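Input: a single structure, listed below in structure tokens.
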Amino acid sequence: MTPDEFKKLGYQLVDWVSEYLTKVGDYPVCSSLQPGEIKEKLPAQPPIKAESMADIFQDFEKVIFPGMTHWQHPGWFAYFPANNSPPSILAELLTAGLGAQCMIWKTSPAAAELEEVVCDWLRQMLVLPKGFVGVIQDTASTSTLVALLTAREKATAFQSNIRGMKEPLCVYASQEAHSSVEKDVKIAGYGKESLRYIPTDENYALIPELLEQAIEQDKKQGLTPACAVATLGTTSSGAVDPLEPIGKICQRHKIWLHVDAAYAGTAALLPEKRWILEGVEKVDSFVFNPHKWMLTNFDCSAYFVKDKEALIKTFEIHPEYLKTGVDAVVNNYRDWGIQLGRRFRALKLWFVIRTYGVEGIQALIRKHIALAQKFREWLEADSRFEILAPTHFSLVCFRLNDGRNEAALNELNRIFHDRINQSGQIFLTHTSLKGKYTLRLVVGSRTTEEKHVQQAWEIIRQAADALLGGGKS
Ligand SMILES: Cc1ncc(COP(=O)(O)O)c(C=O)c1O
């Protein structure tokens, strides 16, 4: 491709993306294709001869695009958001153009120093304690793995890295913790049997007294507690584990406390939501995902630690070919996590934070929370619905409940859920809360306005009408 061709096609693709972002709400949120339909349309062998970009792009539109799920759709109410934004997309374009591999300071000083600066901006935006230092990881799953590995090393005086794990170490998390905790416990060598699931209260938050009991029981049996994971904004219901009492327990027993705030951490940008961080000075590490609710393209997970030395001691490695003359005075982020090679992720955060300003991001988060609150009020006013969890952020958990038995209610709500998503205009996902089939509606797309939440309510009401008859307040 010549530079002129690149320029021409580049302009065309920017036009395409711009139009897509404007029109994304016109498409069905989810693709209706069946498994295998895309593969069937793709050649099984790679092309031997070069193909033109015109042909490639035509196939993108014809074959690939119909198989896309539209995460930036205003009717996206599923999982948690992964919202992007124009400044973030432009920064990703620059990152791709620069093509830098930012494993150490020397391989791109600007990437390393910008990462240091934007991580500290994020720390200030969330009002995390001074002394916490941040690093960008790919995902919250990786960040939690990094925390578990560091906790493992601290608990064994950094001997596990040398001799392997010689004794079982225990990890604690609530029954509502994200599945990545279990995955990470397995990968980090603790073993699934060493993960203690602590029961939760009526609001799905970890019960600190039961955490302490579990720790003491393990100690009595000669086992070594190493790490606890608290969640701010659980995936199923948005529950908030109380950091203050959990932090005291972990300090008393000298256990690493990691906080998974993947989705809800962004809410701490708002002074009225900062209560979720009460006790955060007692934690050892903290992760939240700007790639979820902070307008920054996937992937971008901000991981903070109090004891930077422990983190680096866990991961550092010094092969001759990576040594430079400035290693003593710079951050070489290859030693702050698992991977060696690193993308220049700080650039998109820098673009986003500067374009929106802290106030602009706060306004968007506040709007989403208010819209979720409004939706909750509509549900509350209709006696066919039951709300199943507190709404601390922008996630509302609900189901239909006409008094039939629990097994029948689960079946009813499964059918109800299918009907809602069949509309194609909105997409909701579900969970199970204490065995109850629960629909989740999360407001978090950058493009979602009140009219979209109203439309969602209409679709949901009509699905309820079809199954139970008209609404009663
Ligand atoms: C609470 C929580 N933790 C962790 C994750 C995993 O996030 P990631 O995809 O960044 O690994 C999620 C995903 O939704 C989550 O809700």
Side-chain angles (χ1 to χ4, degrees), residues 69 71 76-84 88 122 126 134-149 171 173-188 195 197-198 200 203-206 227-241 243 246 257-268 273 276-277 283 285-304 337-339 343 345 348-349 368 372 389-397 427-433 438 440-445:
T69 296
W71 281 71
W76 181 268
F77 298 108
Y79 305 107
F80 281 135
N83 61 23
N84 70 5
S88 172
L122 289 176
L126 266 61
V135 51
I136 302 175
Q137 308 283 0
D138 53 6
T139 58
S141 305
T142 299
S143 300
T144 297
L145 176 58
V146 166
L148 283 165
L149 290 167
V171 178
S174 98
Q175 287 167 337
E176 294 292 321
H178 188 259
S179 57
S180 56
V181 176
E182 181 183 320
K183 195 190 231 183
D184 293 341
V185 159
K186 292 196 267 188
I187 299 169
L195 174 58
Y197 282 116
I198 309 300
T200 55
N203 292 327
Y204 306 101
L206 181 147
C227 185
V229 180
T231 311
L232 304 181
T234 57
T235 314
S236 283
S237 75
V240 175
D241 293 341
L243 293 190
I246 296 172
L257 174 55
H258 172 63
V259 175
D260 174 2
Y263 149 70
T266 302
K273 292 292 172 193
I276 65 172
L277 294 179
V283 318
S285 54
F286 178 97
V287 62
F288 90 103
N289 284 348
H291 73 222
K292 276 192 161 45
W293 200 10
M294 218 193 88
L295 300 162
T296 309
N297 276 63
F298 190 86
D299 52 358
C300 184
S301 186
Y303 176 69
F304 294 87
I338 292 158
Q339 63 196 98
R343 298 184 68 235
R345 298 193 189 94
K348 57 190 168 185
L349 262 178
H368 289 161
T391 303
H392 297 303
F393 310 105
S394 65
L395 161 62
V396 185
C397 293
F427 181 41
L428 271 64
T429 47
H430 78 287
T431 189
S432 174
L433 289 174
T438 304
R440 299 165 71 263
L441 181 139
V442 192
V443 185
S445 183

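Since we're looking at a predicted model, the values are computed, not measured. Quick note: residue numbers are just sequence positions, from 1. Atoms within a ligand are numbered from 1 in the order they appear, just like the ligands themselves.
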Those residues at least two apart in sequence (or on a different chain) that pass ring-ring contact (aromatic ring centres under 6.0 Å, His included) with H178 are none

Self-check item: Heavy-atom neighbours of Y197 OH exceed 12 at 6.0 Å
Solution: yes

T438 meets the side-chain hydrogen bond (donor to acceptor under 3.5 Å, both in side chains) criterion, sequence neighbours left out, with none

Applying side-chain hydrogen bond (donor to acceptor under 3.5 Å, both in side chains) to S141 and not counting sequence neighbours gives none

*asked:* Any carboxylate oxygen within less than 4.0 angstrom of a Lys/Arg side-chain nitrogen, looking at R343 and D138?
replied: no

Review point. Would you say the side-chain atoms of S394 and Y263 include a donor-acceptor pair closer than 3.5 Å?
Key: yes

Please tabulate protein-ligand N/O pairs under 3.5 Å for ligand 1, atom names and distances to 0.1 Å.
| residue | atom | partner | partner atom | Å |
| --- | --- | --- | --- | --- |
| ligand 1 | 3 (N) | D260 | OD1 | 3.1 |
| ligand 1 | 3 (N) | D260 | OD2 | 2.6 |
| ligand 1 | 7 (O) | K292 | NZ | 3.3 |
| ligand 1 | 10 (O) | A140 | N | 2.8 |
| ligand 1 | 10 (O) | N289 | ND2 | 2.9 |
| ligand 1 | 10 (O) | H291 | NE2 | 3.3 |
| ligand 1 | 11 (O) | A140 | N | 3.4 |
| ligand 1 | 11 (O) | S141 | N | 2.9 |
| ligand 1 | 11 (O) | S141 | OG | 2.5 |
| ligand 1 | 14 (O) | K292 | NZ | 3.3 |
| ligand 1 | 16 (O) | T235 | OG1 | 2.8 |

